[in-house]
Amino acid sequence: MTAPAGFVLRLAGPIQAYGGPSAFNDRETRTHPSRSALIGLFAAAEGRPRETALHPFTTSPLNGLSYHQLNFTIRVDAPGHRYTDFHTTGASRPRHQQLHTAGGGRRTEGKEAHISRRTYLTDAAFTVAVTGPAPLISHITHTLEHPHWAPYLGRRNCIPDEPLLLTGPRTNPIHHLLHHTPLTTPHPPPPDTTTLPVTFWWDTPPTTRPAETQQEAIDDPTDFTPHHRTWNLRPQWRTTEPLPTTLYAGPHPLTTLIAYTQQETPCTT
């Protein structure tokens, strides 16, 4: 069986946020990147408006392909910490721009702010193997290197660290997550150990070992149009993989990551 084409992406930064069970003024985040956020990242890099972001491609060599054909394998290098930001907005707007009240009027200018709470992941790092049809993989890596709109990690105020794209198109990026891609854990491996347990989330049933958890997530997007955003329910699986401690990138991983991105010969195993 031919190994799938794909690339490796690193999502890290001071803050990240990935949807989740939000209601009204409380905006939550999932513990790891959502399928919706990743597809939205690729569509934004290409410059697609929300109304057509999920449409199939219509030009060669991508004709008939779509982002729905992508699969994601997420390695949790650093789970991060939850942080809730308390927001107050809108009090300084003129009366005709204030939010509506239950009685049909407007809030009082200068006195009634809109209050919300937004939860983020701080100091988290995720390494993602993206697999799919080879022409689509090549196209996405090109747009990530030359994005139309700046990438962000779930919300627009979540700016990613560099490097974002760790590899161009290559065979079997999942093999790289397991054996080659630098591991940016927040702490070094314990002395005298050869492996380190690392959490993985899979879009498809894992072949490395039996899944510890199977759960369902409502994050497979069907429409990004404002006020009509919808998602499908889809399964995902979690495993804990014993990765070699030699992958540890050190306390200052930037040099190791850059060296990895500059490898001249892609691994094809």
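It should be emphasised that the depicted structure is a prediction, and the values quoted were computed from it without experimental measurement. Atoms considered below: every heavy atom in the structure, side chains included; atoms not considered: hydrogens, waters and symmetry mates.
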*asked:* Strictly distance-based, threshold 3.5 Å: is any side-chain N or O of Gln69 a donor or acceptor partner for the main-chain N or O of Pro133?
replied: no
*How long is the gap from OG1 on Thr141 to CD1 on Ile137, to the nearest 0.5 Å?*
7.5 Å
*Say whether, by atom type as modelled, one donor and one acceptor occur between the side chain of Thr256 and the main chain of Ala249 under 3.5 angstrom.*
yes
*Specify the closest pair of heavy atoms between Pro197 and Thr240, including all atoms of both residues, with the distance to one decimal.*
CB-CG2, 3.6 Å
*Evaluate the criterion side-chain contact (heavy atoms from CB on, under 4.5 Å) for residue pair Gln236 and His32; output intermediate values, then yes/no.*
CA-CA 12 Å; Gln236 58 179 183; His32 57 278; 3.5 Å; yes
*Out of curiosity, Gln16 CD to Asp161 CG, how far, rounded to the nearest 0.5 Å?*
8.5 Å
*State whether Asp85 and Arg118 are salt-bridged, where the test is any N-O pair (Lys NZ or Arg NE/NH1/NH2 against Asp/Glu carboxylate O) under 4.0 Å.*
no
*asked:* Tell me if the CD1 atom of Ile218 is crowded by more than 12 foreign heavy atoms within 6.0 Å.
replied: no
*Any idea how Phe42 and Phe72 line up, ring-wise: parallel (<30°), tilted (30 to 60°), or perpendicular (>60°)?*
tilted
*Quick one: closest heavy-atom pair of Trp237 and Ala211, and the distance?*
CD1-CB, 3.8 Å
_Side-chain donor/acceptor of Ser34 to backbone N/O of Ala37, under 3.5 Å_ = yes
_Atom pair CG/OG1 of Leu254 and Thr184 - distance to nearest 0.5 Å_ = 11.0 Å
*Checking Ser138 side chain against Pro135 main chain: does a donor-acceptor pair fall under 3.5 Å?*
no
*asked:* Tell me every residue that passes side-chain contact (heavy atoms from CB on, under 4.5 Å) with Thr204, counting only those two or more places apart in sequence or in another chain.
replied: Asn71
*Thr181 and Tyr260: side-chain donor and acceptor closer than 3.5 Å?*
yes
*Quick one: list whatever passes side-chain contact (heavy atoms from CB on, under 4.5 Å) with Thr119, sequence neighbours left out.*
Glu28, Thr29, Arg82, Thr84
*Got a donor-acceptor contact below 3.5 angstrom from the Arg75 side chain to the Leu177 backbone?*
yes
*Linking I/L/V/M/F/W/Y whenever any side-chain heavy atoms sit under 4.5 Å apart, do Ile174 and Leu166 land together?*
yes
*CG on Leu144 to CG on Leu41, rounded to 0.5 Å*: 6.0 Å
_Restricting to non-hydrogen atoms, name the atom on His68 and the atom on Arg35 that form the minimum distance, rounded to 0.1 Å._
O-NH2, 3.1 Å
_By the ring pair (Phe, Tyr, Trp, His ring centres under 6.0 Å) test, which pairs, at least two apart or in different chains, include something from residues 130-153?_
Phe57-His139, His142-His146
*Are Leu38 and Val130 side-chain neighbours, meaning at least one heavy-atom pair lies under 4.5 Å?*
no
_Heavy atoms from other residues, nucleotides or ligands near CZ of Arg156 exceed 12 (cutoff 6.0 Å)_ = no
*asked:* Let me check something: do Tyr18 and Ile15 share a hydrophobic cluster, defined by ILVMFWY side-chain heavy atoms less than 4.5 Å apart, either directly or through other members?
replied: no
*With the 4.5 Å side-chain cut-off for hydrophobic clustering, are Leu243 and Val76 part of the same group?*
no
*Would Ile74 and Thr127 satisfy side-chain contact (heavy atoms from CB on, under 4.5 Å), going step by step from the backbone distance to the final call?*
CA-CA 6 Å; Ile74 300 171; Thr127 308; over 6 Å; no
*asked:* On a heavy-atom basis, which atom in Pro221 and which in Trp231 lie closest, and how many Å separate them?
replied: CA-CD1, 3.6 Å
*What's the verdict on side-chain contact (heavy atoms from CB on, under 4.5 Å) for Thr208 and Phe200, showing C-alpha distance, side-chain angles and the deciding distance?*
CA-CA 11 Å; Thr208 54; Phe200 276 64; over 6 Å; no
_Is there a path of hydrophobic side-chain contacts, each under 4.5 Å between heavy atoms of I/L/V/M/F/W/Y residues, joining Leu11 to Tyr120?_
no
*Looking at residues at least two apart in the chain, or sitting in another chain, which of them share a side-chain contact (heavy atoms from CB on, under 4.5 Å) with Pro226?*
Arg50, Glu51
*Thr225 side, atom OG1; Leu54 side, atom CG - distance, nearest 0.5 Å*: 8.5 Å
*What pairs with Asp219 under salt bridge (Lys or Arg N to Asp or Glu O under 4.0 Å), at least two apart in sequence or on another chain?*
Arg234
*Step by step, work out the side-chain contact (heavy atoms from CB on, under 4.5 Å) result for Leu121 and Phe126.*
CA-CA 11 Å; Leu121 297 175; Phe126 307 95; 4.0 Å; yes
*asked:* Whether the side chain of Glu46 engages the backbone of Ala43 through a donor-acceptor N/O pair (distance < 3.5 Å, no angle test) should be reported.
replied: no
_Just verifying a value: how many Å separate Asp192 CG and Thr245 OG1, rounded to the nearest 0.5 Å?_
10.0 Å
*Closest non-hydrogen atom pair, Pro56 against Ser66*: CA-CB, 4.0 Å
*asked:* Is it the case that over 12 heavy atoms from other parts of the model lie below 6.0 angstrom from the NE2 atom of His81?
replied: no
_Counterpart residues, side-chain contact (heavy atoms from CB on, under 4.5 Å), relative to Pro147 (two or more places apart)_ = Ala45, Pro151
_Looking at Thr239 and Arg209, would you say the former's side chain and the latter's main chain have a donor-acceptor pair under 3.5 Å?_
no
*Any chain of hydrophobic side-chain contacts (each under 4.5 Å) joining Val198 to Tyr248?*
no
*Judged by modelled atom types alone, do Asn232 and Thr222 share a side-chain donor-acceptor pair under 3.5 Å?*
no
*Kindly give the heavy-atom pair with the smallest separation between Leu178 and Leu247, and that separation in Å.*
O-CD1, 3.9 Å
